[in-house]
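Written below as structure tokens is the structure these notes are about.
On a predicted model such as this, the values are computed, not experimentally measured, just so you know. Quick note: residue numbers are just sequence positions, from 1.
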Amino acid sequence: MYTSQNNRSLQKHLIGSIAAALFCALFAAVYESFSFGVYSYFMLFAFVVPLLGCSLPYSIMVFRNRNIPGASALRLWNSGIAILTVGSIIQGVIEIYGTTNHLTIIYAAAGIFFLIAGLMSWLLFGKSAARPTADHN
């Protein structure tokens with residue numbers, strides 16, 4: 001039987017990102033059902049960030065089973081996606097409330113910083129070959 005520890009870890013991250021996307025979609029639906037007809041695109045489409053930012057690339061890596069990022073690169077990337085998702089939800093809440101706040105740009109800047117750090121960590125330090133290892137019983 002051939003297994004890869006990195007592939008299993010990536011599968012867990014994939015399941016977590018799908019769960020995060022589903023939670024964001026459910027949260028937006030419930031929140032906007034109580035918003036008296038006011039809606040925000042940031043709130044409606046907050047689920048897209050973890051879906052396209054994590055689920056899509058992780059599923060491609062799981063099925064290709066090579067060049068899987070290391071743990072630090074995955075953590076940095078996931079942190080960036082989480083920051084962007086929370087920033088989108090907060091921007092949606094602020095818009096639904098009917099006000100503006102220029103400080104929400106910090107979420108975008110911090111999220112992009114973590115995404116770049118995760119990508120650099122993967123490219124420079126964290127390439128895992130994810131070669132199958134024989135599991136002898």
Drop me the distance from [X]'s [atom1] to [Y]'s [atom2], to the nearest 0.5 angstrom.
| X | Y | atom1 | atom2 | value |
| --- | --- | --- | --- | --- |
| L84 | L115 | CG | CG | 5.5 Å |
| T85 | F47 | OG1 | CZ | 11.5 Å |
| I96 | L44 | CD1 | CG | 7.5 Å |
| F114 | N78 | CZ | CG | 12.0 Å |
| I18 | C54 | CD1 | SG | 10.5 Å |
| L51 | L22 | CG | CG | 8.5 Å |

[Y] backbone acceptor or donor facing [X] side chain under 3.5 Å:
| X | Y | result |
| --- | --- | --- |
| W77 | G53 | yes |
| S79 | R75 | yes |
| S33 | V30 | yes |

In terms of hydrophobic clustering (I, L, V, M, F, W, Y; side-chain heavy atoms under 4.5 Å; direct or indirect links), are [X] and [Y] co-clustered?
| X | Y | answer |
| --- | --- | --- |
| F45 | L56 | yes |
| I83 | V86 | yes |
| L74 | V49 | yes |

Within a strict 4.5 Å, meaning less than it, do heavy atoms of the [X] and [Y] side chains meet?
| X | Y | answer |
| --- | --- | --- |
| I94 | Y97 | no |
| F42 | I89 | no |
| Y31 | V93 | yes |
| E95 | M43 | no |

*Partners meeting side chain to side chain contact (heavy atoms under 4.5 Å, CB included) with I116 (sequence neighbours left out)*: I112, M120

_With a 6.0 Å cut-off on the ring centroids, do Y39 and Y41 count as close?_
yes

*Shortest non-hydrogen contact from C24 toward A46*: CB-C, 4.2 Å

_Exercise: identify the closest heavy-atom pair between A73 and G118_ = CB-O, 3.6 Å

Show me the donor-acceptor pairs, under 3.5 Å and distance only, between side chains in residues 98-111 and residues at least two apart or in other chains.
unit_1	atom_1	unit_2	atom_2	d
N101	OD1	L103	N	2.9
T104	OG1	Q91	OE1	2.6
T104	OG1	N101	O	3.1

